[in-house]
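In what follows, a single structure is set out as structure tokens and then discussed.
Chain A is the first sequence line, chain B the second, and so forth, proteins listed ahead of strands; every chain is numbered from 1.
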Amino acid sequence: MSEYKKRYVVIKSNRDFSYLFKKGESVVTYGFICYVKPRRAGKNRLGIVTGKKVGNAVKRNRARRIIREAFRLTDPIIKEKLTGRYDFVFVARSKTPSLKTGQIMSLIEKSVLPKIMNLG
RNA sequence: GCUGUUCGUUAUAUAAUCGCGUAGUGUGGGAACAUUAUGAGGAAAGUCCGGGCAUCACAGAGCAGGGUAGCUGAUAACAUCAGCCGAGGGCGACCUUAGGGCAAGUGCAACAGAGAUAUACCGCAGCGGCUUUCAGCGGCUGUAAGGGUGGAAAGGCGAGGCAAGAGCUCACCGGAAUUCGGGAGACCGGAUUGCCAUGUAAACCCUAUCCGAUGCAACGCCGAUUGGUACGGGGAAUAAUGUGUCUGCUCGACGCACCCCGUUUAAGGCGGCUGGACUCUUUUGGCGACGAAAGAGCUAGAUAGAUGAUUAUACACGACAGAACCCGGCUUAUCGACGGACAGCAUUU
RNA sequence: UGGGAUAUCGCCAAGCGGUAAGGCAAGGGACUUUGACUCCCUCAUGCGCAGGUUCAAAUCCUGCUAUCCCAA
């Protein structure tokens, strides 16, 4: 699970999550809530939060998979447009399991990317 | 054909592209890459029972505490399952059933009612008395049939009997004791005696029987700085005292206290981890649960947590729902589809 | 993942087999010129849901549902 193999790295520690929730820029859509924060070096990092409110274990798994797949597909686009590296935390909402990956992708492109561009 | 009862099976499929976990093989110094195989359930869920496995004194004793409660069997074990018995429900197939003991002791039974485990209010009778007449008043004695209350009034119901009544006597029914027969047993059937016990143990309790505690975040191994603690070994002491662990208490057991020597905990990683009371097929024993033999097979093992996405086609348009140490059950959720057996009713032959 | 607790009126709650105390809030009335304070009256059709035991269940038993806590 080193950083060479994957295009992105998973955020694990509770400390990183709470840091992003406090200091990161938030983007709210009907599919998810996203927190972004620039990073100095390394790879892009991804964290997904699926709370109890999303549903039972099947729905939480589905939400996680959809977001991960959408991020995987949009990752090259992010790298083309942006030079810097970022931390992302996606929080799933109760609608998320009923959505499709394409919808999440378009949401990321439309809402999240401009926000990051503004950050510089 | 309609209405049911019951037992099973199944749980979208196919193709293409991109992507993920594990294992094998190959290339490579390594990171990694390529390729092949494989990758959630009938309930994986709830965590309600039982067992394996691991550690704690190798698993102690007594009391306390908790579980179970018709019988026989199945099983590693069980509160599970099978067959049977009793009770209840259904025309029936069939279904439901915590189903030991209030005759060891204690408790509780509100309100109502005269009276709640014994009683006598209204009554029903007999005796004698007073007021004196077609009756009334109070007294003594007998009684529990009738009245009303209640969930329950001391067996039920009918006949005899009697002053009136009463298991007072008798027949039938219910229950009890003794006894005979049948059965592996629960229990069933018969005979005799005799006239009798309110309900409640999912109240305390008694009887029989079972249970040590903690749970893979158990447990074992590796592990940097710093600090101090913990662990191991040896010695002294083993009289007393204090204290820790073994379940709550009592006993009992093993330590600790003083000295010397050695090692080391905590982030994290690896093991435990999946080959097992396993799966399938055939034969076979048993009414059945289940067992035996032979052959074949290997079928998830993640660690912020792998099964997804997109497109196309088909139809019944896809429910409930995601392994986390492993098994056996129970309970709960569930769109539907298919099959077997059986019952009742109607019609036809 | 494992272990434990709770659920009673809109809110806080008592109740340990005999038919749901109390306070706050709400509604009505009295007092007052009016308001507040104070006083009186009203307010649970069953105690999270479904079964069972019992003459009788919020209470006892069983199974579910929801919420909360602990270990990490």
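- Checking side-chain atoms of Thr29(A) against main-chain N and O of Leu107(A) turns up no donor-acceptor pair under 3.5 Å.
- Annotated as syn: rU299(B), whose O4'-C1'-N torsion sits within 90° of 0.
- Using modelled atom types, one side-chain atom of Gln103(A) and one backbone atom of Lys100(A) make a donor-acceptor pair closer than 3.5 Å.
- Nucleic acid contact for Lys100(A): sugar-phosphate only, since backbone atoms but no base atoms lie under 4.0 Å from a heavy atom of the residue.
- Between Glu69(A) atom CD and rC20(B) atom P the separation is 10 Å, expressed in whole Å.
- Looking at which nucleotide of RNA chain B each of Asn61(A) and Ile66(A) is closest to, the 5′-most match is held by Ile66(A).
- When rounded to the nearest whole Å, the span between CZ of Arg65(A) and C1' of rA40(B) equals 10 Å.
- Between Tyr86(A) and Glu25(A), the closest side-chain pair of non-hydrogen atoms is not below 4.5 Å.
- Note on Arg68(A): a side-chain N or O is less than 4.0 Å away from OP1 or OP2 of rG305(B).
- The nearest whole Å value for the distance from the CG atom in Leu46(A) to the P atom in rG305(B) is 9 Å.
- Comparing rG70(B) with rC188(B), their C1' atoms sit 15 Å apart, to the nearest whole Å.
- Nucleotides rG146(B) and rG156(B), compared at atom P, are 9 Å apart to the nearest Å.
- In this structure, Met105(A) places its CE atom 14 Å from P of rG19(B), rounding to the nearest Å.
- The base of rG305(B) does not come close enough to the side chain of Arg60(A) for any donor and acceptor atom to sit less than 3.5 Å apart.
- To the nearest angstrom, C1' of rG19(B) lies 17 Å from CD1 of Ile67(A).
- Distance check on atom C1': rG28(B) versus rG228(B) gives 49 Å, rounded to whole Å.
- Across all strands shown, rU149(B) forms no Watson-Crick or G-U wobble pair with both key distances under 3.5 Å.
- Phe90(A) has its side chain within reach of Leu46(A): a pair of non-hydrogen atoms, C-beta onward, lies under 4.5 Å apart.
- Distance Ile48(A) CD1 to rA304(B) P: 13 Å, rounded to the nearest Å.
- Taking the six-membered ring where the residue is Trp, the centroids of Phe71(A) and Phe88(A) are separated by under 6.0 Å.
- Nucleotide rC256(B) forms a pair with rG242(B), judged by Watson-Crick or G-U wobble geometry with both contacts under 3.5 Å.
- If you check rG305(B), rA321(B), rC18(B) against the side chain of Arg64(A), the one that comes closest is rG305(B).
- Base orientation of rG42(B): syn, the glycosidic angle falling within 90° of 0.
- Nucleotides rG99(B) and rG52(C), compared at atom C1', are 15 Å apart to the nearest Å.
- Linking Ile, Leu, Val, Met, Phe, Trp and Tyr whenever their side-chain heavy atoms come within less than 4.5 Å leaves Met105(A) and Val91(A) in two separate clusters.
- Rounded to whole Å, the C1' atom of rA201(B) lies 12 Å from the corresponding atom of rG107(B).
- In this structure, the side chains of Val28(A) and Arg93(A) come closer than 4.5 Å at one or more pairs of heavy atoms.
- Arg72(A) has its CZ atom 11 Å from the C1' atom of rU17(B), to the nearest Å.
- Distance check on atom C1': rA230(B) versus rU68(B) gives 46 Å, rounded to whole Å.
- Rounded to whole Å, the C1' atom of rG291(B) lies 25 Å from the corresponding atom of rU9(B).
- The side chain of Thr101(A) sits closest to rA309(B) out of rA40(B), rG308(B), rA309(B).
- Taking the syn range as angles within 90° of 0, the glycosidic angle of rA16(B) is outside it, so the base is anti.
- Checking rG19(B), rG322(B), rA309(B) against the side-chain heavy atoms of Arg62(A) singles out rA309(B) as nearest.
- Nucleotides rU214(B) and rG66(B) place their P atoms 16 Å apart, quoted to the nearest Å.
- Here rG19(B) presents its P atom at 21 Å from CD1 of Ile104(A), a figure rounded to the nearest Å.
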